[in-house]
Amino acid sequence: MLINWTAIMKRILLAALFLAFAGTAAAQAQSEVMMSLGRGTDDADIDIIRLAYRRTLASDARWWMPTLVEFGAGMWRVPDFGGTTQRLDLHATPVWRADFARTYVEAGIGVYLLSHTINNDTTHMSTSLEFGSHVGAGLRIGERRDIRVGIALQHLSNAGIKEPNGGVNFVLVNVSFPF
């Protein structure tokens, strides 16, 4: 049985967008759009560009509650045995962020769905279902300090559900704007 990953990814993205935009106007005013450019580390010659929608969650004083949720999609340039190819990803990530006067720090752990697996000389990702974690920091700029420019380190792997589980590490440069 052949699985139509494109149709599945479209349905997941539509569901994520519906959930992200459902709600009150006040909640939507606390949202942002983020663009990321990244490069694989450890000899992983992979480039990535992502666009994400981030929505602020209801505030809670407990430290373990995420402060926002991110829904996004990315395009990868991946070297493969047959030449350079492209991959797409969809992801959903709860994010914990702490804002300070002019800076912020954040971390997140989420689920990624890749359009194809990756298997080349340096990177072996044997499943399309991957888990991603990131830590990042940056500056809050602009008149209201609501534009964020930062850097993040991210790791994606399948958490051992199938071997090989080489994963990939990225350095990401992010910029986000209120939406």
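Just so you know, these numbers use all the heavy atoms, side chains as well, and skip hydrogens, waters and symmetry mates. For the single chain, residues carry numbers from 1 onward in sequence order.
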- Calculate, to the nearest 0.5 Å, the distance between atoms CG and CZ belonging to D146 and F179 respectively. 14.0 Å

- Take H116 and T85 through the test side-chain contact (heavy atoms from CB on, under 4.5 Å) and record every step on the way to the result. CA-CA 10 Å; H116 298 87; T85 61; over 6 Å; no

Would you say [X] and [Y] make side-chain contact, with heavy atoms under 4.5 Å?
{"X": "S176", "Y": "I147", "value": "no"}
{"X": "Q30", "Y": "R55", "value": "no"}
{"X": "T122", "Y": "D42", "value": "no"}
{"X": "F170", "Y": "I48", "value": "yes"}
{"X": "N165", "Y": "H124", "value": "no"}
{"X": "M125", "Y": "V168", "value": "yes"}
{"X": "R77", "Y": "D45", "value": "yes"}

Check side-chain hydrogen bond (donor to acceptor under 3.5 Å, both in side chains) between [X] and all other residues, then give those that pass, not counting sequence neighbours.
{"X": "H155", "result": "S157, N169"}
{"X": "N174", "result": "S36"}
{"X": "R97", "result": "E32"}

Hey, is the main chain of [Y] close enough, under 3.5 Å, to the side chain of [X] for a donor-acceptor pair?
{"X": "W76", "Y": "I46", "answer": "no"}
{"X": "S115", "Y": "L88", "answer": "yes"}
{"X": "S126", "Y": "P164", "answer": "yes"}
{"X": "T67", "Y": "V95", "answer": "yes"}
{"X": "D99", "Y": "Y104", "answer": "no"}

If you compare all heavy atoms of [X] against all heavy atoms of [Y], which two are closest, and at what distance to 0.1 Å?
{"X": "G110", "Y": "T93", "result": "CA-OG1, 3.6 Å"}
{"X": "Y53", "Y": "S31", "result": "OH-OG, 2.8 Å"}
{"X": "V135", "Y": "A107", "result": "CG1-CB, 4.1 Å"}
{"X": "L90", "Y": "A73", "result": "CD2-CB, 3.7 Å"}

Hphob cluster co-occupancy, [X] + [Y], side-chain heavy atoms under 4.5 angstrom:
{"X": "I118", "Y": "L172", "answer": "yes"}
{"X": "L37", "Y": "V175", "answer": "yes"}
{"X": "F177", "Y": "M34", "answer": "no"}
{"X": "L68", "Y": "M65", "answer": "no"}

- Tell me the side chain to side chain donor-acceptor pair (under 3.5 Å) pairs involving residues 135-145, sequence neighbours left out? none

- Message: Against L129, only a single residue in N158, T117, L114, V111 fulfils side-chain contact (heavy atoms from CB on, under 4.5 Å); can you say which?
- Response: V111

- Message: Considering only residues two or more places apart or on different chains, which pairs with a residue in residues 65-76 satisfy salt bridge (charged side-chain N to carboxylate O under 4.0 Å, His left out)?
- Response: R54-E70

- Message: Other residues, nucleotides and ligands only: do more than 12 of their heavy atoms fall within 6.0 Å of CD1 on I161?
- Response: yes

- Query: In terms of side-chain heavy atoms, does T41 have a donor or acceptor partner in R39 at a distance below 3.5 Å?
  - Reply: no

- Do we see a donor-acceptor contact under 3.5 Å between the side chains of H134 and E106? yes

- Taken in chain and number order and not counting sequence neighbours, the residues that satisfy side chain to side chain contact (heavy atoms under 4.5 Å, CB included) with A137 are V105

- Where does the angle between the aromatic ring planes of H91 and Y112 fall among parallel (under 30°), tilted (30 to 60°) and perpendicular (over 60°)? parallel

- Message: Set out, in order, the CA-CA distance, both residues' side-chain angles and the distance that settles side-chain contact (heavy atoms from CB on, under 4.5 Å) for D89 and L113, then state yes or no.
- Response: CA-CA 5 Å; D89 79 51; L113 181 62; over 6 Å; no

